[in-house]
Amino acid sequence: MFVSENLSVNKENHLVIGKNDTVELAKKYGTPLYVMDEDLIRKNCRVYKEAIDKYYGGNGLVLYANKAFCSVYTCRLAAEEGLGADVVSGGELYTAIKAGFPMDKVYFHGNNKTADELEMAVANRVGHIVVDNIYELELLDAIAEKHGIVQKIMFRIKPGVDAHTHSFIRTGQIDSKFGVALENGEAFEIYEKAHRMPNVDPDGLHCHIGSQIFDVEPFCEAAQIMMDFAGDLKDKLGLEIKKLNLGGGYGIMYTEKDDPVPYDEYIKHVSEVVKSTAAKRGIDIPSILMEPGRSIVASAGITLYTVGGIKDIKGVRKYVSVDGGMGDNPRYIMYQSEYAAVIANKAGAPASDKVTVAGKCCESGDLLLKDAMLQEAEAGDILAVLATGAYNYSMASNYNRIPRPAVVAVKDGVPKVIVKRETYEDIIMNDMM
Ligand code: LLP
């Protein structure tokens, strides 16, 4: 009935997440409120881990992509589940450090890491730095020398694969700001250079072709291209690739129109390509890394809002306004993303009303859902937008000086605030008086 498996309706006709009545959560913690189901996050982590065991005999590591939702709590949870971490900024790295995350399992990404960020990564002995370009390579070599270490690295490669997803989140093609391309020789040149450098050890390859992808084919194509490139590096430079990081990007179900392939399926098909190409090229199967973000946390999250004004503009559109919007979920305004929603206090009632849910920001594009079917809404109702666990909290802003919501995690029916609600004092905190 719902897009996420952890949602149900209780006898009061209220939406339930895990074992928690969402109307009670809204009452207790206020709205807007992000709610994350810890049990489902852990379950999602295990799907990937088990697939690595099943298809690669355990020779690999799942890295949780923090950009989807980064907090001290999620870093600790990922560490407890035995995952590594993909971080993409000094801020995400700092969060991981503060959470006590094992630094040797951290992979530091980013297309323009600053000297300060690289320094922070090296000083904290981050396991791998995923280097984006020549400038960064030279910078890093000097920093590693200063620290007297040989830094393990891999380069982000554009495999030239065109994944079918929104152009803003497509990254595997040559026309992308991320990484170095294969087809113009850039990727080979950078490995050749790094191979000769004394303070870096290029022992891996990385690619990430995009996000919210449903087809298996582009992942297989990318894996094949990367393994062939590993073969070329061995043949031409004698350089052995020990780790192959195939990125994230596995699609999730936001609405009934989405039809994701089970993640185990992707990994199975990709593993066949990795193994057959290794055999063909006479190279060892590298340790396999994957970096799911969205598919670990998206379906585990919902956002609760309180309905305010309703405008039924006859013959035009019916707007239902809520107490949040693009500040806590900018995905509609950025990508026209679609979500499913339910009136949490009438969850069992039929969704018979076609409405557009608007946020409270001073921006016409500030919508959460457009022309969606919903239960009849009234002021004071609690609206739950589903599958908001990824790229909502992590992309939230204070536009219009609206404080960001709290995040509550539920586990075994017990709610716990993991990020507190911002206050107006927080909003002016950095203003010089
Ligand atoms: N690894 C790398 C290097 C990435 O760039 C990304 C996502 C991931 C892993 C995780 O991808 P996932 O499994 O979450 O699809 N803000 C956009 C998504 C941007 C994704 C950026 N990179 C959105 O809200 O749809």
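This one's a predicted model, so the numbers in the text were calculated from it and none came from an experiment.
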Undergrad: Taking Q212 for its side chain and I252 for its backbone only, find out whether a donor-acceptor pair lies under 3.5 Å.
TA: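 It does hold such a pair.
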Undergrad: Are K360 and D366 within salt-bridge range, i.e. N to O under 4.0 Å?
TA: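 Salt bridge: no.
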Undergrad: Specify whether Y191 and F155 have parallel, tilted or perpendicular ring planes, treating 30° as the upper limit for parallel and 60° as the lower limit for perpendicular.
TA: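 The rings of Y191 and F155 stand perpendicular, inter-plane angle above 60°.
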Undergrad: Run the salt bridge (Lys or Arg N to Asp or Glu O under 4.0 Å) test against K193 and tell me which residues pass, sequence neighbours left out.
TA: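 K193 satisfies salt bridge (Lys or Arg N to Asp or Glu O under 4.0 Å) with E138 only.
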Undergrad: Taking the side chain as everything from C-beta on, heavy atoms only, tell me whether V122 gets closer than 4.5 Å to L140.
TA: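 A side-chain contact exists here, since the closest heavy-atom pair is under 4.5 Å.
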Undergrad: Does the ring centre of H109 sit less than 6.0 Å away from the ring centre of H208?
TA: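 No.
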Undergrad: Start with the C-alpha distance between E136 and I129, add both sets of side-chain angles, then the distance that settles side chain to side chain contact (heavy atoms under 4.5 Å, CB included), and finish with yes or no.
TA: CA-CA 10 Å; E136 187 180 309; I129 297 186; 4.2 Å; yes
Undergrad: In Å, rounded to the nearest 0.5 Å, how long is the span from CD1 of I296 to SG of C45?
TA: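 Taking CD1 in I296 and SG in C45, the distance rounds to 4.0 Å.
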Undergrad: Taking only residues two or more places apart in sequence, or in another chain, which ones meet N133 in a side-chain hydrogen bond (donor to acceptor under 3.5 Å, both in side chains)?
TA: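 Partners of N133 under the side-chain hydrogen bond (donor to acceptor under 3.5 Å, both in side chains) test: none.
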Undergrad: Supply the atom-to-atom distance L239 CG to D232 CG, rounded to the nearest 0.5 angstrom.
TA: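 Going from the CG atom of L239 to the CG atom of D232 covers 11.5 Å.
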Undergrad: Thinking salt bridges, do E24 and K27 make one under a 4.0 Å N-O criterion?
TA: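 Salt bridge between E24 and K27, a charged N being under 4.0 Å from a carboxylate O: yes.
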Undergrad: Can you tell me if K43 has over 12 outside heavy atoms packed within less than 6.0 Å of its NZ?
TA: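 At most 12 heavy atoms, drawn from other residues, nucleotides or ligands, come within 6.0 Å of this atom.
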Undergrad: Does the T74 side chain pair with the main chain of S71, one donor and one acceptor, at a distance under 3.5 Å?
TA: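 Here the side-chain-to-backbone pair exists.
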Undergrad: Would you say the side chain of F2 lies within less than 4.5 Å of the side chain of L15, judging by non-hydrogen atoms?
TA: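 Yes, at least one pair of side-chain atoms sits under 4.5 Å.
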Undergrad: Would you call D431 and R401 a salt bridge, taking side-chain N to carboxylate O under 4.0 Å as the test?
TA: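 Salt bridge between D431 and R401, a charged N being under 4.0 Å from a carboxylate O: yes.
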Undergrad: State, to 0.1 Å, how close A115 and I143 come at their nearest heavy-atom pair, and which atoms those are.
TA: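 Closest pair (atom of A115, atom of I143, distance): O-CD1, 3.8 Å.
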Undergrad: Identify whether the distance between the nearest side-chain nitrogen and carboxylate oxygen of R404 and E422 falls below 4.0 Å.
TA: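 E422 and R404: salt-bridged.
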Undergrad: Given the ring of Y332, does K370 sit roughly above its face, with NZ or CZ under 6.0 Å from the centre of the six-membered ring and within 45° of the axis?
TA: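 No.
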Undergrad: If you compare all heavy atoms of A387 against all heavy atoms of V3, which two are closest, and at what distance to 0.1 Å?
TA: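 Distance-wise, the nearest heavy atoms are CB-CG2, 4.5 Å.
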Undergrad: Drop me the distance from E92's CD to C75's SG, to the nearest 0.5 angstrom.
TA: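 So the CD of E92 and the SG of C75 are separated by 8.0 Å.
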Undergrad: Do I149 and N199 come close enough that some side-chain heavy atom pair is under 4.5 Å?
TA: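 No; the side chains remain at least 4.5 Å from each other.
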Undergrad: Answer whether the closest heavy-atom distance between the side chains of V407 and M36 falls below 4.5 Å.
TA: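 Sidechains of M36 and V407: in contact.
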Undergrad: Can you name the nearest heavy-atom pair linking S276 to V273, along with the distance?
TA: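 Closest heavy-atom pair between S276 and V273: OG-O, 3.2 Å.
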Undergrad: Check whether the ring centres of Y29 and Y34 lie less than 6.0 Å apart, and answer yes or no.
TA: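 They do not qualify: ring centres at least 6.0 Å apart.
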Undergrad: Treating R76 as the side-chain partner and G100 as the backbone partner, does any N or O pair qualify as donor plus acceptor under 3.5 Å?
TA: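 Side chain of R76 to backbone of G100: no pair is present.
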Undergrad: Give a yes or no on whether a salt bridge exists between R42 and E80, defined as a side-chain N under 4.0 angstrom from a carboxylate O.
TA: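 So R42 pairs with E80 through a salt bridge.
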Undergrad: Taking all heavy atoms of K234 and all of I283, pick out the closest pair and write down the distance.
TA: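 Looking at all heavy atoms of both residues, the closest pair is CD-CG2, 3.7 Å.
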Undergrad: Does this structure show an ion pair linking D132 with K113, if we count only N-O contacts that are shorter than 4.0 Å?
TA: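 No, D132 and K113 are not salt-bridged.
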Undergrad: Return the set of residues passing side-chain hydrogen bond (donor to acceptor under 3.5 Å, both in side chains) with Y55 (not counting sequence neighbours), or none when no residue passes.
TA: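 side-chain hydrogen bond (donor to acceptor under 3.5 Å, both in side chains) check on Y55 returns D264.
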Undergrad: Evaluate the side-chain proximity of L233 to I241: yes if any heavy-atom separation is below 4.5 Å, no if none is.
TA: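 With C-beta onward as the side chain, the pair touches.
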Undergrad: If I take atom OH from residue Y135 and atom CG from residue N112, how far apart are they, to the nearest 0.5 angstrom?
TA: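 If we round to the nearest 0.5 Å, Y135:OH and N112:CG are 7.5 Å apart.
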Undergrad: Where do I343 and L374 land on the side chain to side chain contact (heavy atoms under 4.5 Å, CB included) test, with the steps shown first?
TA: CA-CA 7 Å; I343 302 284; L374 211 60; 4.0 Å; yes
Undergrad: Does this structure show an ion pair linking E119 with K146, if we count only N-O contacts that are shorter than 4.0 Å?
TA: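 A salt bridge is present here (some side-chain N lies under 4.0 Å from a carboxylate O).
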Undergrad: In terms of side-chain heavy atoms, does E217 have a donor or acceptor partner in H269 at a distance below 3.5 Å?
TA: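 No, because no side-chain N or O of E217 sits under 3.5 Å from a partner of the opposite role on H269.
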Undergrad: Aromatic rings Y266 and F219: how do their planes relate, parallel, tilted or perpendicular, breaks at 30° and 60°?
TA: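 Because their plane-to-plane angle is over 60°, the rings of Y266 and F219 count as perpendicular.
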Undergrad: Determine whether the side chains of S211 and Y250 contain a donor N or O and an acceptor N or O closer than 3.5 Å.
TA: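 Result is no, nothing qualifies.
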Undergrad: Side chains of N392 and Y339: any donor to acceptor distance under 3.5 Å?
TA: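 N392 and Y339 do have a side-chain donor-acceptor pair below 3.5 Å.
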Undergrad: With a 4.5 Å limit on heavy-atom distance, are the side chains of T277 and D228 in contact?
TA: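 Yes, at least one pair of side-chain atoms sits under 4.5 Å.
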Undergrad: Return the CD to NE2 distance between Q151 and H128, rounded to the nearest 0.5 Å.
TA: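 NE2 of H128 is found 8.0 Å from CD of Q151.
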Undergrad: Looking at every non-hydrogen atom in both residues, tell me the closest pair between V410 and I17 and how far apart they are.
TA: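 Taking V410 first and I17 second, the nearest heavy atoms are CG2-O, 4.1 Å.
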Undergrad: Take the angle between the ring planes of F188 and F229 and call it parallel below 30°, perpendicular above 60°, tilted in between.
TA: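 Geometry flag for F229 against F188: perpendicular rings.
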Undergrad: Is K158 paired with E186 through a side-chain N to carboxylate O contact shorter than 4.0 Å?
TA: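 Salt bridge between E186 and K158, a charged N being under 4.0 Å from a carboxylate O: no.
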Undergrad: Specify the closest pair of heavy atoms between C362 and N400, including all atoms of both residues, with the distance to one decimal.
TA: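 That closest heavy-atom pairing would be N-OD1, 2.8 Å.
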Undergrad: Evaluate L367 against I333 for side chain to side chain contact (heavy atoms under 4.5 Å, CB included), listing each step before the verdict.
TA: CA-CA 7 Å; L367 304 178; I333 202 157; over 6 Å; no
Undergrad: Does the side chain of E363 come under 3.5 Å of the side chain of Y399 through a donor N or O and an acceptor N or O?
TA: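 Indeed, the side chains of E363 and Y399 share at least one donor-acceptor pair under 3.5 Å.
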Undergrad: Going by side-chain contact (heavy atoms from CB on, under 4.5 Å), E38 matches just one of L77, I418, V414. Which one?
TA: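 Answer after filtering L77, I418, V414: L77.
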Undergrad: Return yes if some donor-acceptor pair links the side-chain N/O of D86 with the main-chain N/O of L63 below 3.5 Å, else return no.
TA: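 No, because the side chain of D86 does not come within donor-acceptor range (under 3.5 Å) of the backbone of L63.
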Undergrad: Atom NZ of K411 and atom CG of L40: how far apart are they, to the nearest 0.5 Å?
TA: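 So the NZ of K411 and the CG of L40 are separated by 12.5 Å.
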Undergrad: Tell me if a side-chain donor or acceptor on N59 pairs with a main-chain N or O of Y56 at a distance below 3.5 Å.
TA: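 No, N59 side chain to Y56 backbone: no donor-acceptor pair under 3.5 Å.
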Undergrad: Give a yes or no answer on whether the side chain of D21 reaches the backbone of V16 with a donor-acceptor pair at less than 3.5 Å.
TA: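 Checking the backbone N and O of V16 against the side chain of D21, no donor-acceptor pair under 3.5 Å is found.
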Undergrad: So does V72 get a backbone contact from the side chain of T95, meaning a donor-acceptor N/O pair under 3.5 Å?
TA: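 Absent.
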Undergrad: Is P415 close to L25 at the side-chain level, that is, under 4.5 Å between some pair of heavy atoms?
TA: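 Yes, their side chains come closer than 4.5 Å.
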Undergrad: Verify, without hydrogens or angle tests, whether N20 (side chain) and T22 (backbone) share a donor-acceptor contact under 3.5 angstrom.
TA: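 Not confirmed, N20 side chain does not pair with T22 backbone.
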Undergrad: Between M227 and L244, is there a side-chain heavy-atom distance shorter than 4.5 Å?
TA: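 The answer is yes; the side chains approach within 4.5 Å.
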Undergrad: Would you say the side chains of T303 and T388 form a donor-acceptor pair under 3.5 Å?
TA: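 Present: a donor and an acceptor within the cut-off.
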Undergrad: Atom NZ of residue position K105 - does it have more than 12 heavy atoms of other residues, nucleotides or ligands inside 6.0 Å?
TA: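 Correct, the count exceeds 12.
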Undergrad: Decide if the gap between the ring center of F69 and the ring center of Y391 is smaller than 6.0 angstrom.
TA: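 Here the rings of Y391 and F69 have centres that are no less than 6.0 Å from each other.
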Undergrad: Taking K152's backbone N and O only, do any of them form a donor-acceptor pair with D203's side chain (distance below 3.5 Å, no angle check)?
TA: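 No, because the side chain of D203 does not come within donor-acceptor range (under 3.5 Å) of the backbone of K152.
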Undergrad: Stepwise, does the salt bridge (Lys or Arg N to Asp or Glu O under 4.0 Å) test hold for D104 with R125?
TA: CA-CA 7 Å; D104 57 324; R125 300 295 187 261; over 6 Å; no
Undergrad: Do side-chain atoms of N66 reach the backbone of C70 as a donor and acceptor pair under 3.5 angstrom?
TA: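 Side chain of N66 to backbone of C70, a donor-acceptor pair under 3.5 Å: no, none is there.
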